[in-house]
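I have placed the structure first, in the form of structure tokens, so that the comments after it can refer back to it.
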Amino acid sequence: MNAGSTARTFLAPVALGVLAIALWQALVVAFHVEPFLVPSPFGIAGAFTDGASNILTASMATGLNALIGLAIGAVSGVFVAIMANALGFLDRMLVPLVAALAVIPIVALAPIFYAMFGAAAETGRQLVAAVAVFVPMYLNTLHGLRQAEPVHRDLMRSYAATKEQTNRILLIPGAVPYVLTGLKIGSSLAVISALIAEYFGGPAKGLGRAITSSAAASNYTVAWAYVLGAVLLGAVFYGVTAALESFAHRRRSGR
Amino acid sequence: MSKRASGVLWGIAGIVAALGLWEGYKWLGPDDGVMIGDLIVLPRTTDIAMPHTWDVVARLFEPVTRAEGADVLWWAVLQAAAFSLGIAALGWLIGVTFGLALALLMQRWITAESAVLPWVVLSQTVPLIAIAPLVKRWGSEITIGSFQWENWMSVAVIASYLAFFPVAVSALRGLKSPEAADVDLFTAYSASWWTTLLKLRLPSSVPYLMPSLRLAAANAVVGTVVAEVSIGLGGGIGRMIIEFAATASGDPAKTYAPILGAVLIGLVSAGLVALIGVGLRRYMRGEVPA
Amino acid sequence: SGGTDDEASADSSSSAGASEDTGVTELKAVSVQLQWLTQAQFACYYSALDQGYYEDEGLDVTIIPGAVDIVPIDVLTSGGADFAVSWVPKVLGSIEQGSAVTDVAQIFERSGTMQVAFADSGITSAADFAGKNIGSWGYGNEWELIAGMQANGVTLADLNGGSTVQQAFDMNAFIAGDIDAAQAMTYNEYAQVLETINPDTGELYTEDDLVTINWNDEGTAMLQDAIWADSDRLASDEDYQATTTSFIKGTIKGCVYAKDDPESAADIVTAAGSTLGTSHQLWMANEVNKLIFPSTSGVGHINEDQWDQTVELAMTTVNPEGSTIITTEPPETAYTNDYVDAALAELTDEGVDVYGEDFTPIEVTLNEGGE
Amino acid sequence: MSEARIAVHVDKVDKIFTSRKAGEVHALSDVSLDVAAGEFVSLIGPSGCGKSTLMRLVADLDSITSGEITVFGKTPEQARKDQDYGIAFQQAGLLPWRSVRANIELPLEIHGWEARDKKERSDELLELIGLADFADHRPDQLSGGMKQRVAIARSLAERPRLLLMDEPFGALDEITREHMQNELVALCQETGAAVIFVTHSIPEAVFLSDRVVVMSPRPGRITEIIDVKLGERGEDLREAAAFYDGVTAVRTALHGETPAGARGVENR
Amino acid sequence: MSEARIAVHVDKVDKIFTSRKAGEVHALSDVSLDVAAGEFVSLIGPSGCGKSTLMRLVADLDSITSGEITVFGKTPEQARKDQDYGIAFQQAGLLPWRSVRANIELPLEIHGWEARDKKERSDELLELIGLADFADHRPDQLSGGMKQRVAIARSLAERPRLLLMDEPFGALDEITREHMQNELVALCQETGAAVIFVTHSIPEAVFLSDRVVVMSPRPGRITEIIDVKLGERGEDLREAAAFYDGVTAVRTALHGETPAGARGVENR
Ligand SMILES: Nc1ncnc2c1ncn2[C@@H]1O[C@H](COP(=O)(O)OP(=O)(O)OP(=O)(O)O)[C@@H](O)[C@H]1O
Ligand SMILES: Nc1ncnc2c1ncn2[C@@H]1O[C@H](COP(=O)(O)OP(=O)(O)OP(=O)(O)O)[C@@H](O)[C@H]1O
Ligand SMILES: [Mg+2]
Ligand SMILES: [Mg+2]
């Protein structure tokens, strides 16, 4: 049973992936599907290895923006959530603004940020990623800060702890797992947002530019190799944050 | 004052404060923004970067163009918003259905969960702007009898691609949320999987589902607008954003109109989802964030 | 509602009815994929549709506007359209990737792409680009720029930041000074700048405030808007061959109409769903006319020297990934004058002036925001 | 005892859990127990001694590792499918979105009873637990004791010959708890069902049971079975000497001490 | 009693909660009670009778509606700020991310003790509760009883003259519970603190207390105060006659019956 469940968590998804890729390859070969419809997985893999260094360079450019955006969004999301939790009115004032922020599409936001912060700099992209990260960060942190159990609140009050002490000792550590959940959700959003923002300005580097310029020349196998790069980059971001999250949850499990 | 009314008032206060902050900064901040070295850390305050809030509002009441019979801007935006909302709603519906089906599959067979869940997560790391043209191209291959795949269908499919994810993940959590004792009770009644699903798991999943439905709605809106831009479907907010970009320098206030439209449909869709929540209130005991 | 203004098409039901009455054969459904949104850049097609020139040729034409991620050639090869409008260098790349398409009419004889800078920037030629922020749209629209830089001994690595700056759909980045020399079409982005208030004067920017580097003058111009057809169908399908000639013929008539009455052409495009400002639309129609007329050898005829120059540049221009657009000469089928010449012949017979030697552009006054 | 008179027969049962975290847990070791029809048997013992596990095996909510269990002469699985038992847990486990009546009717609904019969039976049960006025209330409008009464009514809905109860009063306060115990005694007398009752409370076990099964952990086994047989149960019993004797006997068994003669005296 | 000898003075206190759902709840009505320094007083009564409320008022976790409370002659707020009391709840309420030692040091940390003093005091307390070996463990590695011991150590950290405990053993099983009661008795004797102890368990109240305050609900009021005075507490006491008498007395008071003479006899 022990071995069985390990097999399930690791082998099952791999098996499904292999199956899907095999089927994909078989279909492409059997029906002579044109690459502009669906390139073959082997073709993509080939283009991926051929262009590995270009893809790596592009991934680094996009990944750095995503990382900075993630950091800005995470820090500001947590900070604003702490403020909103401490000042009830701020929380209520932010409700419509956060709701609006959650539904502004990147395509609308990116041009504004480039106009504000300069189109030749990476700042606009980083901020687009930051905004995408901010929303889940803020909501999760706020939720986490409110999870403090009444017994703990009573305890802090009985110690005549200051607001600052209550925040530092009780609320913020208690919110950590929720903060990390927000970070996990935000991580892949950061990558996608930074990538899409490349369409609208900033230095012509990165995965987004590479995807479009390959696609514009009908070079879909290469375009897909860059998409694969984007997926891997997103997976790395997600994987690292998910590992952080589960580590925190494991440390915290059971009360 | 009722809690709801005070919430609305505070919300309005928040919007006013944000507008005040905008105008205040625009008034005080330097044209070139606040720079550290070459890096702009606080935005520029030129009319192009930050138009006056009242100019944006005033622009809404002027016609889109000076051409004969051009619609007044707010009306054009409203029409585009309604168009995009319709597609987003369809995308939401497809996404929610698919997400629920996936969650059921994963709840039913633990091996399916292990096999599928990582790919579900990975699917969200695919930049959708890259898949949008593909969906359109695949769609153009589809003709069944008189049925012809239309571009707006591609947009709806892309919207659903973003919408299904939170639903699948939260619904799975919700379906697994009943306490062991409750599940035992149903086992003791030798209830079938279906009965347990209908009478226990689905009702229990509502508190998990509601926030994810809202998130799915927001995602569907974002997906619709991005896909409209990407594959160039006319009539909606996405297309309007690119079209108006051509006048971004000469008429900066105009570019904000479709953004307001996007926010509007986002909020309307959240409101519509909240209506569903009213119908399911009996099953709600606090929400579990998606 | 919204979905239908997307694709412009003659009212097919009424024309079908008309054809029964007159005994003319039914109209043939034809679609053409543009490479960008509805605007006066495509005045030829919209005018032809509006004026019934396509109908006269027995065609029921649907015009499909493009978008950010739409590659017209792929729409053509995947059967999503019968013809596509696209720039030659981009398509050469697709051809090398295996797309079987043929340039059947070179509507634009001249390139509309230039690099625009402020007069006080010190930039007067591509040689001055080193160390500057140079804008480009990407999507294969950057080849003339890169070729021009290469001709002046400037590589991408010499630019500030080691690459071009991604240009959005607006000119904000240029006006804000983020981009020192921005890519601009004579008929669109250049006008966008001229529609913007110069904060120093409180008036609109004037052409005196700007310096332009025109690739036609620099010798690195490449062929732009051309009508592309499916090579395989051209080779095997006689019906398609005839349609091709008819479509080119109708289009050229549309161009001539736009040349003679740019105001009307601009209105037609606006009515077809473009939201560009009125003066901007007219400016665009007028500038596009300049790219077509006067025509050296008849509108649409592919001049071999221009074609060869484009191919040569495509084989020597190095992209950011270090490779050239194409590595081998395109196949024979990459272009043909057969259909356009047939169309030109018929038009000449009908007394249409396909050279426009007497063409004189109008004066267009741009208003703020293109209004 | 003849087959028919035996409700539950547990014979040399072992239960070993294998879990990823804790490895192998020997939850029950060589446990044998017979419960007669109509008999009230309590299981008591420190946390982790396997009380719940034993009850769950009888209910076929877990499967045994070795040994044999029969319920009314059938396998536990068959008994479960035949709805031979009713069950109640520590948390009332009411579905919060259902009214009191709908909660009571849940097993009937699952087993496809007619609407009329359901209504009739739930009316009866509501009367029995004294909550007829609360039929349309939702669980969160009830006190803890009321919820537990609903849960018990639900477990009785199909008139089972065997009731399995896992600390059903564990979450109640002492006073409500004593009240519920009185009610349970009355209900059992009325229905004549056999009961396996898991508890942590010595007085509760003594007050309710015909026999108290004392268990010890690691591995879970039965250390002693104490006959109580207090006769007629009533409020007075709780202050009766026989009751205190029973309590002392169970406490002594639990603490694993050999009851000394001297202490027995001191005890009185 | 002189001021100095009175730990807690509760005088004609009323507490009315106004909540959106339930409207006005009269949680305490005309409650008066004095607790002497070093005295152990238990509050017992059915759920909702206001035991926790009374304790929370003394701790200044809620504020009174009318009447007066003083703690060592000060207002409850002042007493709270002066850290005159230690408090423990039903859930141990340990912070799961802090080690056992860090949990015990929490109040010291908040009140700015020096690192050395903190360490010294927590060493003492860990010794006292017998968990010195577990200083660096996290709460989730402890059993329920161990957690509760840590919570009690925490409440003792600043050597308060008054301990407030709200069902601290409510979540423990009977055996661990009796064990903890013994420990608490020892601790109190050592420190000489006054204790207000809320419980649901009659034997627990009787075993621990000098006086048992019996309360009744709607509105919460004190119905009887029973002197127990069992003298030296030890394991034997639990089976002693005096103990059972105390239990009976409290039960009778709780059930609101007038103790009849005849019953007193039957009782023995
Ligand atoms: N599903 C399971 N997987 C692994 N171990 C289990 C499982 N269920 C119970 N156990 C273990 O079996 C032993 C007996 O558990 P059980 O729940 O029967 O004890 P209990 O007597 O009911 O305790 P309590 O009084 O705390 O309810 C314990 O050590 C427990 O940890
Ligand atoms: N914050 C509050 N708001 C409204 N009503 C409250 C609040 N706290 C307690 N009450 C009510 O006051 C009454 C007394 O509650 P309290 O918690 O003191 O009872 P208790 O004796 O401690 O009960 P238990 O034994 O269940 O802990 C109850 O009716 C309760 O519902
Ligand atoms: Mg148990
Ligand atoms: Mg209480």
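In what follows, chains carry the letters A, B, and so on, assigned in the order in which the sequence lines appear, proteins first and then strands, with residues in each chain numbered from 1.
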Where [X] and [Y] come nearest, the two heavy atoms and their spacing:
X        : Y        : answer
A/Ala160 : E/Lys81  : CB-CA, 4.0 Å
A/Arg157 : E/Leu61  : NE-CA, 3.6 Å
A/Gln165 : E/Ile110 : NE2-O, 2.9 Å

Under 4.5 Å from a heavy atom of chain A, the part of E/Arg80 involved: both
Atom group of E/Gln91 that falls short of 4.5 Å from chain A, counting heavy atoms: both
Which portion of A/Arg153 sits near chain E, non-hydrogen atoms under 4.5 angstrom: neither
Which distance, rounded to the nearest 0.5 Å, do you find between the [atom1] of [X] and the [atom2] of [Y]?
X        : Y        : atom1 : atom2 : result
E/Arg98  : A/Ile169 : CZ    : CD1   : 5.5 Å
A/Leu170 : E/Leu106 : CG    : CG    : 9.0 Å
A/Tyr159 : E/Glu109 : OH    : CD    : 11.0 Å

Interface residue of largest heavy-atom contact number with chain A, from E/Gln141, E/Glu158, E/Arg56, under 4.5 Å: E/Arg56
Residue, of E/Pro107, E/Ser155, E/Gly93, that accumulates the most heavy atom pairs under 4.5 Å with chain A: E/Pro107
Heavy atoms of other groups near E/Glu114 CD, more than 12 under 6.0 Å: no
Donor-acceptor contact present, side-chain E/His111 to main-chain A/Ala161, <3.5 Å: no
